Amino acid sequence: MLEIQRIRTDKEGIIEGLKKRHFDAAPIVENILELDQEWRTKKTELESIAAEMNQISKQIGLLFREGKQEEANAAKAKTGELKSAEAALKVTVDGIDTKIQDLMYQLPNVPNDLVKAGKSEEDNEIVETHGAPPAFNFVAKPHWELTTQYNLIDFELGVKITGAGFPVYRGKGAKLQRALINFFLAEADDAGYEEVIPPHMVNEASAIATGQLPDKEGQMYHDSRDDLYLIPTAEVPITNMYRNVILPDENFSVKLTGYTPCFRREAGSYGSDVRGLNRLHQFDKVEIVRLEHPDNTEQALNEMVDHVKNLLEKLGLQYRILRLCGGDCGFTSAMTYDFEVYSAAQDKWLEVSSVSRFDTFQANRLKLRFKNADKKTQLCHTLNGSALALPRIMAALLENFQTEDGIEIPEVLHAYTGFEKIS
RNA sequence: GGAGAGGUGGCGGAGUGGCUGAACGCGCACGCUUGGAAAGCGUGUUUAUGGAAACAUAACGGGGGUUCGAAUCCCCCUCUCUCCGCCA
């Protein structure tokens, strides 16, 4: 959520910035400012009535103590009118407040200066490409054939147990999955991230704070009996560790990592994109989350990008980095870098990581603040990224490292898998 | 799931209708004191909103109600603790 102060002081900047998302913010912003003006007027009015009521109440108390019953009762009589005026005003003020809130929820984050305008993924900028695409002197198989051939993942069995999009990993498939998770966590640990194992279900307040609610309700699995949501990403519980927190000074840099399964309903996605591991209802991911002083955000983002690059290079995967255009950035993001690995067998780029800065957008909803040098509370910046999401990495490893008689496991994983080849 | 007891400031802990945004203690910050330190003394020490500021308003788990006035009374919800039950 954008800060109301920012809307008051930088209306044009916000409208201009959001044009890069092809989002016409002008009507909403104007509406907010109008309501805000009205709200402030009414609120001031309300408060002066409250002040008057407080005064009278105090006097009544004094009068009673002095035994001046009649005067006290006279004063009481005066309050009736004020009281109803106060009640009416309160309804008005609360009503305006709700309207503003609803409008505020509709405004996405303002893209960073580096972000280019654009509508869809067509407009994303490729900022870096590393490595050469794998070349095969035989017909490379897509991963869904390899997982069956080597008995690594059983999609049908998952359908039987649960439904489509809930695969069963088995044998070396399960071991490879676990090896990747351990490798990613070890790398994050080396980079100074504290490992956490958060709850896999969150309450409504948490889902609102990181922006999954109220809008994207349909994307999460919901347990209505206890009113809990299965997490769509570890970002939700981990970031919410710091909901309603004021860090005591400005010398902080919180770096957290966590492995969790992620659950996404992904209602309405069909077709070839969902084949095999490409899109699942349950998948594993190691996430990195950072809370930073606004002055450090740029550097933190660069460090996170470097971290993900490092992971892909150690795995020996060819990849490219995209800076998403305004239209393709997530609602809460100020800037996002996507990492894609090329799959020769599928002849397409697979998104394996997404690293974003949110600036104060999340912190504002979270009420995550710190005490700055002037002892004032100020909103923190938050960032997060996948490091990495498992399914497409698994797909890319299987597809790109296949040989005619098996799949070569990257050396860096040998210590974690306990085997060097799947055959 | 059943029964009971509770949720007050960074912490401990008072407070059953008004002078309580909150005693007292601890902690913390600054100052005095000191050769230096400790002790002692003094001052300060929540957050949000509006305001240039003075200041005003709101908040004692959350929501609603009673009242001129609620941390204090009533209702609902929620969380924690203890005992019982169940259980990896």
Side-chain angles (χ1 to χ4, degrees), chain A residues 1-9 32-104 197-209 213-214 222-229 237 240-252 261 360 362-380:
Chain A
M1 194 162 58
L2 294 173
E3 295 154 82
I4 185 76
Q5 292 87 341
R6 184 170 172 193
I7 296 178
R8 283 178 195 150
T9 56
I32 288 174
L33 286 174
E34 239 167 75
L35 287 166
D36 182 53
Q37 193 52 251
E38 193 187 347
W39 180 85
R40 283 195 275 180
T41 309
K42 298 285 186 194
K43 179 82 171 171
T44 308
E45 228 177 289
L46 176 64
E47 286 183 357
S48 61
I49 291 180
E52 203 178 330
M53 288 281 287
N54 288 344
Q55 280 295 322
I56 295 174
S57 294
K58 259 180 199 167
Q59 278 171 17
I60 293 174
L62 282 170
L63 291 170
F64 271 124
R65 209 160 319 114
E66 291 165 11
K68 298 175 180 169
Q69 298 282 337
E70 280 162 43
E71 283 180 57
N73 285 326
K76 259 198 205 182
K78 276 203 305 190
T79 59
E81 213 173 297
L82 281 174
K83 213 180 168 185
S84 53
E86 186 186 29
L89 257 181
K90 189 165 185 332
V91 171
T92 308
V93 170
D94 287 350
I96 299 172
D97 203 38
T98 307
K99 275 190 207 161
I100 294 175
Q101 218 32 247
D102 288 348
L103 289 169
M104 297 280 281
I197 302 179
H200 297 169
M201 298 183 96
V202 294
N203 57 30
E204 188 183 36
S206 292
I208 289 174
L213 295 178
H222 180 221
D223 164 27
S224 57
R225 191 175 172 123
D226 293 310
D227 202 14
L228 296 173
Y229 296 84
N240 269 284
M241 287 165 62
Y242 286 84
R243 169 153 50 85
N244 269 322
V245 165
I246 299 177
L247 300 167
D249 59 60
E250 58 180 6
N251 303 312
F252 65 93
T360 58
Q362 277 188 332
N364 192 28
R365 279 207 203 179
L366 283 165
K367 296 198 172 66
L368 164 57
R369 293 153 294 174
F370 66 96
K371 291 275 189 195
N372 64 23
D374 300 329
K375 298 277 180 197
K376 298 265 189 195
T377 55
Q378 189 180 337
L379 291 171
C380 296

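The chains referred to below are lettered A, B, ... by the order of the sequence lines, with proteins before strands, and numbering in each begins at 1. Because the structure is predicted, anything quoted here is derived from the model rather than measured.
Taking 4.5 Å as the limit, some side-chain heavy atom of A:Leu89 sits within range of a side-chain heavy atom of A:Ile49. At least one side-chain heavy atom of A:His200 sits under 4.5 Å from a side-chain heavy atom of A:Pro261.
Of the candidate nucleotides B:rU57, B:rA48, B:rC68, B:rA48 has the atom nearest to the side chain of A:Arg369. Residue A:Ala50 places its side chain closer to B:rA58 than to any other of B:rC68, B:rU49, B:rA58. You'll find that the side chain of A:Lys83 is closest to B:rG69, out of B:rA48, B:rU49, B:rG69. Ranking B:rG18, B:rA48, B:rU49 by closeness to the A:Trp39 side chain, first place goes to B:rU49.
B:rG85 is unpaired under the Watson-Crick or G-U wobble criterion, no partner having all donor-acceptor distances under 3.5 Å. Base pairing analysis places B:rC73 opposite B:rG65; the two distances defining the Watson-Crick or G-U wobble pair are each below 3.5 Å. Under the Watson-Crick and G-U wobble criteria, each requiring two contacts below 3.5 Å, nucleotide B:rG36 is left unpaired. Using Watson-Crick or G-U wobble geometry with both donor-acceptor distances under 3.5 Å, B:rA5 finds its partner in B:rU80. The partner of B:rU16 is absent, by the rule that a Watson-Crick or G-U pair needs both atom distances under 3.5 Å. Judged by Watson-Crick or G-U wobble contacts below 3.5 Å, the nucleotide B:rC30 has B:rG42 as its partner. Pair check for B:rA56 finds B:rU49; Watson-Crick or G-U wobble, both atom distances under 3.5 Å.
Taking atom C1' in both B:rG7 and B:rC77, one finds a spacing of 14 Å when rounded to whole Å. Separating the C1' atom of B:rG50 from that of B:rA54 is a span of 13 Å, rounded to the nearest Å. Rounded to whole Å, the separation between the C1' atoms of B:rG61 and B:rG9 comes to 14 Å. On the P atoms, B:rC75 is 37 Å away from B:rG25, given to the nearest whole Å. Rounded to whole Å, the C1' atom of B:rU49 lies 38 Å from the corresponding atom of B:rC32.
A:Ser57 comes within 4.0 angstrom of a nucleotide base, judged by non-hydrogen atoms across all strands. In this structure, A:Ile60 reaches the bases: a heavy-atom distance under 4.0 Å links it to at least one base atom across the strands shown. Residue contacts shown for A:Ile246 are limited to sugar-phosphate atoms, with no base heavy atom under 4.0 Å away. The residue A:Ala51 sits close only to the backbone: its heavy atoms come under 4.0 Å of sugar-phosphate atoms, none of a base. Contact annotation for A:Glu45: no contact, since no heavy-atom pair falls under 4.0 Å across all strands.
A close approach under 4.0 Å does not occur between any side-chain nitrogen or oxygen of A:Ser48 and OP1 or OP2 of B:rA56. A close approach under 4.0 Å does not occur between any side-chain nitrogen or oxygen of A:Arg40 and OP1 or OP2 of B:rU57. A close approach under 4.0 Å does not occur between any side-chain nitrogen or oxygen of A:Gln59 and OP1 or OP2 of B:rG69. Distances shorter than 4.0 Å separate some side-chain N or O of A:Asn54 from OP1 or OP2 on B:rU57. Look at A:Lys76 and you won't find any side-chain N or O under 4.0 angstrom from OP1 or OP2 of B:rG69.
No donor-acceptor pair under 3.5 Å is formed between the side chain of A:Asp223 and the backbone N or O of A:Leu228. Not one N or O on the side chain of A:Asn372 forms a donor-acceptor pair closer than 3.5 Å with the backbone of A:Gln378.
The NZ-C1' distance, from A:Lys367 to B:rA59, rounds to 13 Å in whole Å. At whole-Å resolution of the value, CD in A:Glu47 and P in B:rA56 are 11 Å apart.
When each of A:Asp36 and A:Glu52 is assigned the nucleotide of RNA chain B with its nearest heavy atom, A:Asp36 is the one assigned upstream, toward the 5' end.
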Under a 4.0 Å heavy-atom criterion, the protein footprint on nucleotides 71-81 of chain B, written with B, S and -, is -----------
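A search for ring pair (Phe, Tyr, Trp, His ring centres under 6.0 Å) contacts involving A:Tyr229 returns A:His222, not counting sequence neighbours.
Residue pairs meeting the side-chain hydrogen bond (donor to acceptor under 3.5 Å, both in side chains) criterion with at least one member in residues 84-100 of chain A, sequence neighbours excluded: A:Lys90-A:Asp94.
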